[in-house]
Participant: 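Here it is, the structure in full.
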Amino acid sequence: MKRFAELIKQLDSTNKTNEKVGALTEYFLNAPDPDKLWTIAILSHRRPKRPVNTTLLREWATELSHIPLWLFEESYHIVGDLAETIALIVPSSKGKTDKSLSEFIAEIIELRELPESAKKAYLHENWLSLNYYERFVFNKIITGGFRIGVSQKLMTRALSKATGIDEDILAYKLMGSWTPPTTTFQQLILEEHESDYLSKPYPFYLAYAVEDDFQEQLGDIQDWSFEHKWDGIRAQVIIRNDEVFVWSRGEELVTDKYPEFQKFLEVVPNGTVLDGEILPFPEGRIGDFNQLQTRIGRKNVSKSLLQKIPVILTAYDLLEWNGEDIRSCPFAERRKLLEQLISKVNSKENHLYLSGSMQFETWEAAASERERAREKRSEGLMIKRKDSPYLVGRKKGDWWKWKTNPFTIDAVLTYAMRGHGRRANLFTDYTFGLWHEGQLVTFAKAYSGLTDAELKEVDAWIKKNTLERFGPVRSVTPFHVFEIAFEGIAKSSRHKSGVATRFPRILRWRKDKPIEEANTLQDLKNLIPE
Amino acid sequence: MTKPLLVFNSKGIYCKQADVYIDAWRPVEKCIVTHGHSDHSRRGHKQYITHHNNIPIIKHRLGDITVSGKEWGETFTINGVTFSLHPAGHIVASSQVRVEYKGEVWVFTGDYKIENDGLSTPYEPIKCHTFITECTFGLPAFKWEPQDDVFNEINGWWARNKDEGRTSLLFGYSLGKAQRLLKHLDTSIGKIYTHGAVEQMTQVLREHYDLPPTELITANTKKEDILGNIVVAPPSAQGSSLMRKIGPNVTASASGWMTFRGARRRRALDRGFVLSDHADWDGLLQAVKETGCEKVIATHGYTEIFSRYLREEMALDARTESTQYEAEQNEAESKKEEGAS
């Protein structure tokens, strides 16, 4: 644990990517294998199940600190992170543990099955014997969500430096449903096992948003192929050995959620991997993302839901064909194979469609197709270089997304909440209302879009103009108008306003507008497509 | 019920009987000033009363003012009200103000810390009936480590940066924190360079305080000369053109707010050292207890939380008053600095 806590402290002590990679590399070179494996697991969000709920964690930490519970809660609202709050509040210690990270995690896994009194005793004992960073790390492992400014990519880069294995190969090895109890560092990272690869997806290639003068940057339009950008779930569907595996972009195996895709077995040969978008397809046409939400949340999908909101895969790339990794073939060739494959498929019957590709003579023609995106239920256009290989991760140059301009509406700031992480103790999470019968009705929350300077200014204003406090939330005097942008809009019975918006964020602070000139709920409803 | 000895009005903390203000935030006739930070010593009062070592500081900031200086514990009486200044340990020459009238004693702390920082005259608890206290860090999440441990870390950090061929860039208020840093930096590691605001204030303080040599960074200072040494600068200098001149560097801030990982990440600093010139949670509680007071008024910081704790857990008559001293705003560092330089 000492070594791991020291690593986290080092990662915390620099704002420079190279130094973070250096500290991780050092760790991967020197730590014992079981600890390395758990470190990889934790930094790729494979944490052990939470052994204690957060209510109990708060109570027990409060007890140990000899403070009233309300004071703990107030502190938590301000610190903005439970693991950090507990680490700060319990009595300090110099740290005297010799147990390793993996030993700790083994204990934490066993803890889940123990009676409450034993859990409490275990936590109290460790809180009192670990130093600040060890305690923080210990709490983070228990509460989960180990987000500490180290991406999986950065971790993979360090692992590559430490092992000499290519980064892309490591990214591939790290995908899938492995957990430390089911493998070893040797097995997962160092050894080659073909059978392990049966269900393994390829790392997704992600597009960049186009930049201001991208038409010039991209050069000859003939080099590029266009598609609509679908608003669903990015997925890879793997057909190998008469089995179907569905992977979402979050590297989650979601096969069971989409039983429709079992139909692929009838039409897609073994040794095929498709890249595409899962889309809701009620009444034989593409629905809105909101409808897909009802599918995402369910582990077991009911028959009626399957009928009401079936899904399809709109495929746009082929990564493996005849059991061969063809990612290095040019995009145009992969497309040709994909088109041949899908041309033989009864799309309706088998839930498998082709995302049509388009060619344009001029950027003007492309732009006018982009204008039609909303009619076609897409979010804009994808631009892909015809001769590009399928790369790993977000790499600039070959795939671009050219989204439609978002919807916008002017709304009034009504509530604010303290942020988390680097925004802890600043009021950065806002709720916005629109006028309806003389009242402001909440329609969206937004967290992003303001500069740091603007955030500080709004934060200071909120602190001076608070009406009421509800725990971490404050209601504020309606005064400020913000232009809110969002990508999609649909009716919703789950929202008070009756409207759900997708990706709402702040576009501009409209200091020029008095609240009376903010939009109405009816204005918002008028944006809902027929 | 008798009228309170001190009230909070639109101009500041006011003693009606003596017609005197303490740390007023609007211009007044006569004002007792606890210390030199700009939110406590404002421009425009006709007459200032403060500790004599604070005079050069506020004159540096406010120009030619009418000011009379007092010793620690020296009493002065205005219309039957006896006043005296007592060390607050916040920064050099920072005072608490004791006010006594007909046997009733009130103390206003200004800003204070309990630990002896080796430069400021250390905090002294003063018995009183009503204790007006700041509580900038009035949350149990704030617990300071002993100063020696923190400076071991800071000096260790500097030495490591030097070994790696980089300059250390350390941010702290130009009045108070900067000199505390200077005092305890290990000059066997290298030289201390300063930003203009820090250098000017340090020169003012050299009159009364023993501080190590510093060198101001000017347009003529060479990058190669600075390399591996340490630069002390106010937080507002982060990202300024002067700082960009420095070459390969590692940044850190020394502040109580560095307790929060989020605060450091938000400011894009490499390192945060938890070093504060205010009392931490235990320090605040200790201070309240040692005064033996019955009533507490919390002025700036987490006032509502702190006073609720005093009411519910310590059975004290505690309430809050709003002032214009900066505290909830933890990013106020840079604002404070503009006034101070």
Side-chain angles (χ1 to χ4, degrees), chain A residues 8-16 19-20 22 61-62 65-68 70-81 83-92 94 132-133 136 140 148-149 418-428 452-453 455-457 459-460 462-464 466 469, chain B residues 137-146 149 153 156-157 160-161 164 166 239 248-252 257-274 280-282 285 301-302 304-306 308-314 322 324 326-335:
Chain A
I8 299 299
K9 186 176 177 182
Q10 276 184 342
L11 295 173
D12 245 4
S13 303
T14 177
N15 210 29
K16 299 177 176 77
E19 297 202 3
K20 289 186 183 184
T62 304
S65 320
H66 304 292
I67 57 169
W70 68 263
L71 184 54
F72 180 88
E73 297 293 340
E74 290 281 4
S75 305
Y76 171 42
H77 296 327
I78 291 163
V79 177
D81 180 290
E84 193 178 342
T85 310
I86 295 174
L88 286 170
I89 282 193
V90 299
S92 53
K94 289 283 173 210
Y132 171 76
Y133 256 95
F136 169 66
K140 273 281 176 198
I148 49 153
R418 285 194 170 97
H420 293 266
R422 66 187 288 271
R423 301 161 136 219
N425 203 22
L426 273 187
F427 285 91
T428 56
D452 280 1
L455 280 179
K456 269 188 211 173
E457 196 181 336
D459 172 74
I462 287 166
K463 284 168 180 169
K464 288 195 195 103
T466 298
R469 294 160 194 244
Chain B
F137 292 107
L139 268 193
F142 296 108
K143 279 184 214 141
W144 311 149
E145 296 292 327
D149 292 358
E153 270 191 68
W157 169 79
R160 253 191 327 281
N161 295 339
E164 288 163 9
R166 280 179 300 194
N249 62 70
V250 188
T251 57
W257 296 110
M258 292 299 128
T259 298
F260 296 157
R261 296 173 67 247
R264 180 185 56 74
R265 288 163 62 201
R266 187 158 61 228
R267 291 202 40 206
L269 292 162
D270 290 315
R271 189 72 192 265
F273 297 107
V274 182
D280 65 359
W281 173 257
D282 290 335
L285 293 179
Y302 295 105
E304 283 168 42
I305 294 170
F306 186 61
R308 179 176 169 189
Y309 183 86
L310 296 181
R311 280 194 304 275
E312 295 183 3
E313 304 294 319
M314 291 172 68
S322 61
Q324 293 194 8
E326 288 160 2
E328 190 181 16
Q329 193 71 354
N330 65 28
E331 309 297 313
E333 300 182 12
S334 44
K335 234 196 284 171

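Residue numbers begin at 1 in each chain, while the letters A, B, ... track the order of the sequences. Note that this is a predicted model, so its numbers are computed, not measured. Below, all heavy atoms of this structure are taken into account, side chains as well, without hydrogens, waters or symmetry copies.
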Participant: OG/A/S75 to CZ/B/F142 distance, rounded to the nearest 0.5 angstrom?
Facilitator: 8.5 Å
Participant: Any idea which of B/D270, B/L139, B/T251 has the most non-hydrogen atom pairs under 4.5 angstrom with chain A?
Facilitator: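 Looking at each of B/D270, B/L139, B/T251 in turn, B/D270 comes out on top.
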Participant: For A/F136, which atoms come within 4.5 Å of any heavy atom of chain B: side chain, backbone, both, or neither?
Facilitator: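 A/F136 touches chain B through side-chain heavy atoms alone.
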Participant: Measure distances from B/W281 to the heavy atoms of chain A and classify the residue's part below 4.5 Å as side chain, backbone, both or neither.
Facilitator: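 When you check distances to chain A, only side chain atoms of B/W281 fall under 4.5 Å.
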Participant: Heavy atoms only, distances under 4.5 angstrom: which of A/T14, A/I67, A/D12 has the most pairs with chain B? Name it, please.
Facilitator: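 Highest number of pairs under 4.5 Å: A/D12.
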Participant: Side chains of A/F72 and B/P140: closer than 4.5 Å at any heavy-atom pair?
Facilitator: no
Participant: Please check this pair: side chain of A/E74 against backbone of B/I305, looking for a donor-acceptor N/O pair closer than 3.5 Å.
Facilitator: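 It does not hold such a pair.
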Participant: Contact part of B/T259 toward chain A, heavy-atom cut-off under 4.5 Å: side chain, backbone, both or neither?
Facilitator: both
Participant: Does any backbone or side-chain atom of B/D149 lie under 4.5 Å from a heavy atom of chain A? Answer side chain, backbone, both or neither.
Facilitator: side chain
Participant: Not counting sequence neighbours, which residues clear salt bridge (Lys or Arg N to Asp or Glu O under 4.0 Å) with B/K143? List them please.
Facilitator: none
Participant: Please classify the contact between A/K9 and chain B as side chain, backbone, both or neither, with a heavy-atom cut-off of under 4.5 Å.
Facilitator: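 Interface part for A/K9: side chain.
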Participant: Check this for me, if you would: do A/D81 and B/R261 make a salt bridge, where the nitrogen-to-carboxylate-oxygen distance has to be below 4.0 angstrom?
Facilitator: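 Salt bridge: no.
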Participant: Is it true that B/R308 and A/E73 have a side-chain N and a carboxylate O under 4.0 angstrom from each other?
Facilitator: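 No, no charged N to carboxylate O under 4.0 Å.
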Participant: About how many Å separate CG of A/L88 and CZ of B/F260, when rounded to the nearest 0.5 Å?
Facilitator: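 So the CZ of B/F260 and the CG of A/L88 are separated by 7.0 Å.
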Participant: Using the salt bridge (Lys or Arg N to Asp or Glu O under 4.0 Å) criterion, which residues pair with A/D452? Sequence neighbours excluded.
Facilitator: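 Salt bridge (Lys or Arg N to Asp or Glu O under 4.0 Å) check on A/D452 returns A/R422.
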